[in-house]
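Only one structure is covered here, and it is reproduced in the block below.
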Amino acid sequence: MKYKVIKKQNSGNSCVVCGVNNELGLKTSFYELENGELVAICDTKDWHQSYPGRVHGGMSAALLDETIGRAISINDETIWGVTVSLDIKYKKPVPTDATIKIIGRITSENRKLFEGSGEIILPSGEIAVTATGKYMKMPVEKITDGELTSEEWKHVEDKEKLEYIEI
Ligand SMILES: CCCCC/C=C\C/C=C\C/C=C\C/C=C\CCCC(=O)SCCNC(=O)CCNC(=O)[C@H](O)C(C)(C)COP(=O)(O)OP(=O)(O)OC[C@H]1O[C@@H](n2cnc3c(N)ncnc32)[C@H](O)[C@@H]1OP(=O)(O)O
């Protein structure tokens, strides 16, 4: 199904998942959709492998962790969190040199914690990895011991603006 993109989220600078200046990272982009979910898109590379041709399970976990963790900011971009637990199920190999999508959503929230779920979707449309995660809400100044500078957290325009994403 095709969903309208409501907003592209900001990118980090050095983050292994979303950092635009991390040459070995996944350089993932995140889009808020009309259905209230977050979708991430990235190109897996040879240097993200465990076995040849297969993305390292830790990279898949990092992608799901960040996608679920970012989904909380769809309704309030001042909420940040740190992961307290993450449960991953690897159902199919994720190939290197592929464009993959990662979906994340929030399933529950209270004053201190939030929980969510997500999936990695292969180019074929098959679900390769699923996850559930729990996060503790924390002000960004407490997470980083620093300021949220425009270098560390910025809007990056796509070469071609994505209007819709097919999931
Ligand atoms: C400045 C620039 C920044 C720009 C950022 C750029 C790029 C970043 C990329 C993306 C950013 C966007 C969003 C991404 C979101 C997620 C992505 C990945 C996030 C991570 O990659 S993050 C790394 C891994 N993660 C950690 O690094 C956490 C390490 N850990 C701790 O730091 C502590 O563990 C802490 C603080 C969590 C708790 O410590 P604490 O001392 O406060 O804990 P304490 O025991 O006192 O618990 C207090 C109350 O929480 C309850 N509680 C605790 N744990 C619980 C659990 N598991 N389940 C249920 N309840 C729990 C207790 O029951 C108690 O409740 P009560 O008060 O009611 O008794």
Side-chain angles (χ1 to χ4, degrees), residues 3 5-45 47-48 50 55-90 94 99-121 127-158 162 165 167:
Y3 294 96
V5 173
I6 304 295
K7 182 181 147 191
K8 183 179 187 210
Q9 290 194 344
N10 280 1
S11 299
N13 189 54
S14 306
C15 173
V16 70
V17 172
C18 70
V20 286
N21 286 315
N22 185 335
E23 289 312 317
L24 296 176
L26 285 153
K27 291 192 161 72
T28 310
S29 297
F30 293 85
Y31 303 91
E32 298 178 4
L33 300 182
E34 60 180 329
N35 68 349
E37 295 185 335
L38 187 71
V39 63
I41 303 180
C42 70
D43 295 322
T44 62
K45 303 290 185 192
W47 52 87
H48 301 135
S50 51
V55 168
H56 198 292
M59 300 305 289
S60 297
L63 278 162
L64 282 156
D65 181 17
E66 182 158 336
T67 308
I68 300 168
R70 278 171 171 263
I72 192 68
S73 64
I74 291 177
N75 292 325
D76 182 349
E77 59 182 42
T78 66
I79 304 179
W80 298 72
V82 293
T83 319
V84 291
S85 67
L86 190 65
D87 181 61
I88 309 278
K89 292 192 170 57
Y90 297 98
V94 176
T99 300
I100 57 169
K101 293 180 184 134
I102 307 94
I103 320 293
R105 66 192 70 78
I106 300 305
T107 51
S108 68
E109 180 187 1
N110 62 30
R111 198 170 51 80
K112 261 190 234 156
L113 300 162
F114 63 91
E115 293 183 55
S117 64
E119 303 88 35
I120 292 182
I121 317 282
I127 292 177
V129 189
T130 64
T132 55
K134 186 185 275 190
Y135 302 75
M136 185 172 285
K137 292 180 183 175
M138 200 179 276
V140 69
E141 318 80 68
K142 201 171 163 200
I143 297 176
T144 63
D145 259 350
E147 294 211 350
L148 192 59
T149 64
S150 57
E151 186 54 31
E152 297 285 353
W153 190 243
K154 60 194 163 208
H155 179 74
V156 179
E157 202 74 49
D158 287 330
L162 273 181
I165 294 177
I167 303 175

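In each ligand, atom 1 is the first atom listed, and ligand 1 is the first ligand listed.
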Tell me the protein heavy atom at minimum distance from [atom], and give that distance in Å.
{"atom": "atom 1 (C) of ligand 1", "value": "E147 O, 3.0 Å"}
{"atom": "atom 31 (C) of ligand 1", "value": "V82 CG2, 4.9 Å"}
{"atom": "atom 13 (C) of ligand 1", "value": "R70 CG, 3.5 Å"}
{"atom": "atom 37 (C) of ligand 1", "value": "V84 CG1, 3.3 Å"}
{"atom": "atom 67 (O) of ligand 1", "value": "K112 NZ, 2.9 Å"}
{"atom": "atom 60 (N) of ligand 1", "value": "L113 CD1, 3.5 Å"}
{"atom": "atom 25 (N) of ligand 1", "value": "T83 O, 3.0 Å"}
{"atom": "atom 21 (O) of ligand 1", "value": "D65 OD2, 3.6 Å"}

Heavy-atom side-chain contact between [X] and [Y] under 4.5 Å:
{"X": "I6", "Y": "L33", "result": "no"}
{"X": "D158", "Y": "Y31", "result": "yes"}
{"X": "C15", "Y": "E66", "result": "yes"}

Worksheet item: If you measure from each non-hydrogen atom of M136 to ligand 1, which part falls under 4.0 Å: side chain, backbone, both or neither?
Response: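 Answer for M136: side chain.
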Please work out, at 4.0 Å between heavy atoms, whether the side chain, the backbone, both, or neither of C18 comes within that distance of ligand 1.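 Only the side chain of C18 comes within reach of ligand 1.
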Test E32 against E77 for side chain to side chain contact (heavy atoms under 4.5 Å, CB included), laying out the working first. CA-CA 12 Å; E32 298 178 4; E77 59 182 42; over 6 Å; no
Verify [atom]: protein non-hydrogen atom under 4.0 angstrom away:
{"atom": "atom 39 (O) of ligand 1", "result": "no"}
{"atom": "atom 23 (C) of ligand 1", "result": "no"}
{"atom": "atom 45 (O) of ligand 1", "result": "no"}
{"atom": "atom 27 (O) of ligand 1", "result": "no"}
{"atom": "atom 16 (C) of ligand 1", "result": "yes"}
{"atom": "atom 4 (C) of ligand 1", "result": "yes"}
{"atom": "atom 62 (C) of ligand 1", "result": "no"}
{"atom": "atom 57 (N) of ligand 1", "result": "yes"}

Using the side chain to side chain contact (heavy atoms under 4.5 Å, CB included) definition, which of the options L64, L63, V55, I102 pairs with V129?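 Considering L64, L63, V55, I102, a side chain to side chain contact (heavy atoms under 4.5 Å, CB included) with V129 is found only for L64.
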Quick check for you: to the nearest 0.5 Å, what is the distance between [X] atom [atom1] and [Y] atom [atom2]?
{"X": "E119", "Y": "R105", "atom1": "CD", "atom2": "CZ", "answer": "4.0 Å"}
{"X": "I79", "Y": "S73", "atom1": "CD1", "atom2": "OG", "answer": "8.5 Å"}
{"X": "I100", "Y": "M59", "atom1": "CD1", "atom2": "CE", "answer": "9.5 Å"}
{"X": "K8", "Y": "L162", "atom1": "NZ", "atom2": "CG", "answer": "8.5 Å"}
{"X": "S11", "Y": "E152", "atom1": "OG", "atom2": "CD", "answer": "12.5 Å"}
{"X": "S60", "Y": "K89", "atom1": "OG", "atom2": "NZ", "answer": "15.0 Å"}

In ligand 1, which numbered atoms sit nearer than 4.0 Å to a non-hydrogen atom of [X]?
{"X": "T144", "value": "1 (C), 3 (C)"}
{"X": "W80", "value": "11 (C), 12 (C)"}
{"X": "E66", "value": "9 (C), 10 (C), 17 (C)"}
{"X": "G69", "value": "15 (C), 16 (C)"}

The test is side chain to side chain contact (heavy atoms under 4.5 Å, CB included); show your working for Q9 and I74 and say whether it passes. CA-CA 9 Å; Q9 290 194 344; I74 291 177; 4.2 Å; yes
Evaluate whether atom CG of N75 has more than 12 neighbouring non-hydrogen atoms of other residues, nucleotides or ligands under 6.0 angstrom away.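 For N75, atom CG is not crowded (no more than 12 foreign heavy atoms under 6.0 Å).
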Just to check, does M138 reach to within less than 4.0 Å of ligand 1 when the distance is taken from its heavy atoms?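 It does, in that a heavy atom of M138 comes within the 4.0 Å cut-off of ligand 1.
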_Tell me whether S29 contacts the main-chain N or O of I41 through its side chain, where contact means a donor paired with an acceptor under 3.5 Å._
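Not at all, since once roles are kept as given, no pair shorter than 3.5 Å links the two residues.
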